[in-house]
Amino acid sequence: PFTVYPRPVAVFTVSSQTICEGQSVIFSSQSTFADSLVWDMGDGTILIGNSVVYTYPTAGNYPITLSVYGAGGCSDISILNPGIQVNPTPIAGFEFINIQNQDPLSGTVEFTNQSQNASAYDWQFGNGHSSSEINPTEKYYQYGTFEVTLIASNQFGCADTLVQLIKTDFDAG
């Protein structure tokens, strides 16, 4: 007499095949007759389990391999190739300076964009105004502290957000 074990079948889905650096991907197994599941994330990382979540820290393409093992030493693999495409995420950054000009109550602030790897910008100046310029200038009509938000994005749809508090400066003349 001998025992015939069912052959495991490796099958899985991913939440997304295209992501940005720092985003997580959910890998879910629909494998059958598998007692043990081993995931090779394509960057040297090995994970164990039916469903795993992984965050890729750097841009690149990562082929995924799921190896499943069942009773009697039977096994199967499934490879996602091309794998997960991880696109670069820009880094939002800016400086600002209050500009004094001939208007005795200037309130003008000049913003210098220091973002990296970005191609589009969404500025929210905290006073109801916005801009998509690279290096905008904004005139504030009241004293105060304003929360300025810059969302820097790139051609892959990846974005980074920076929020800074600025204080308007007026020259009493």
Side-chain angles (χ1 to χ4, degrees), residues 4-96 110-126 129-138 147-166:
V4 176
Y5 294 101
R7 181 172 183 248
V9 178
V11 179
F12 67 95
T13 61
V14 297
S15 58
S16 179
Q17 275 190 258
T18 304
I19 61 169
C20 301
E21 287 173 314
Q23 289 183 323
S24 296
V25 181
I26 301 169
F27 300 87
S28 302
S29 172
Q30 283 80 44
S31 301
T32 55
F33 306 112
D35 298 330
S36 176
L37 294 92
V38 178
W39 301 85
D40 181 338
M41 307 314 291
D43 65 352
T45 301
I46 304 295
L47 301 174
I48 308 292
N50 278 333
S51 292
V52 296
V53 178
Y54 190 66
T55 303
Y56 288 92
T58 57
N61 187 280
Y62 301 94
I64 308 302
T65 303
L66 172 62
S67 300
V68 297
Y69 303 93
C74 300
S75 65
D76 189 28
I77 65 168
S78 180
I79 300 172
L80 180 64
N81 194 8
I84 304 298
Q85 177 61 46
V86 181
N87 292 315
T89 297
I91 300 170
F94 68 89
E95 289 185 347
F96 64 93
E110 181 178 272
F111 295 91
T112 303
N113 193 331
Q114 297 179 320
S115 301
Q116 299 173 19
N117 303 317
S119 55
Y121 309 97
D122 179 16
W123 295 87
Q124 302 295 322
F125 297 114
H129 297 164
S130 62
S131 174
S132 60
E133 293 179 39
I134 296 172
N135 296 302
T137 299
E138 179 63 15
E147 186 176 274
V148 175
T149 302
L150 170 60
I151 301 171
S153 58
N154 61 22
Q155 69 271 25
F156 304 111
C158 301
D160 185 39
T161 302
L162 175 63
V163 178
Q164 288 192 56
L165 293 177
I166 69 159

When rounded to the nearest 0.5 angstrom, what distance separates [atom1] in [X] from [atom2] in [Y]?
| X | Y | atom1 | atom2 | answer |
| --- | --- | --- | --- | --- |
| Thr65 | Asn81 | OG1 | CG | 8.0 Å |
| Ser28 | Leu66 | OG | CG | 11.0 Å |
| Asn50 | Phe27 | CG | CZ | 14.5 Å |
| Ile26 | Ser16 | CD1 | OG | 10.5 Å |

With a 4.5 Å limit on heavy-atom distance, are the side chains of Ile84 and Val14 in contact?
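Yes. Closest side-chain heavy atoms under 4.5 Å.
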
Between the side chain of [X] and the main-chain N/O of [Y], is any donor-acceptor distance below 3.5 Å?
| X | Y | result |
| --- | --- | --- |
| Glu21 | Thr89 | yes |
| Tyr56 | Val25 | no |
| Asp160 | Ala92 | yes |
| Asn154 | Pro88 | yes |
| Thr18 | Gln85 | no |

Determine the minimum heavy-atom distance between [X] and [Y], stating which atoms define it.
| X | Y | result |
| --- | --- | --- |
| Ile46 | Val38 | CG2-CG1, 3.5 Å |
| Gly42 | Tyr62 | O-CD2, 3.6 Å |
| Leu37 | Ser31 | CD2-OG, 4.1 Å |
| Gln164 | Phe96 | OE1-CE2, 3.8 Å |
| Leu80 | Gln17 | CD1-NE2, 3.7 Å |
| Asn135 | Asn113 | OD1-N, 2.6 Å |

Results of salt bridge (Lys or Arg N to Asp or Glu O under 4.0 Å) for Asp76 - residues two or more places apart only
Arg7

Determine whether the aromatic ring centres of residues Phe33 and Tyr5 are separated by less than 6.0 angstrom.
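No, ring centres 6.0 Å or more apart.
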
Can you confirm whether or not the ring centre of Tyr54 sits under 6.0 Å from the ring centre of Trp39?
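No, ring centres 6.0 Å or more apart.
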
Quick one: salt bridge (Lys or Arg N to Asp or Glu O under 4.0 Å) pairs with a partner in residues 110-125, sequence neighbours left out?
none

So, Ser115 versus Tyr121: side-chain donor-acceptor pair below 3.5 Å or not?
no

Using the disulfide (SG to SG under 2.5 Å) rule, collect all pairs that involve residues 6-51, keeping only residues at least two apart or in two chains.
Cys20-Cys158

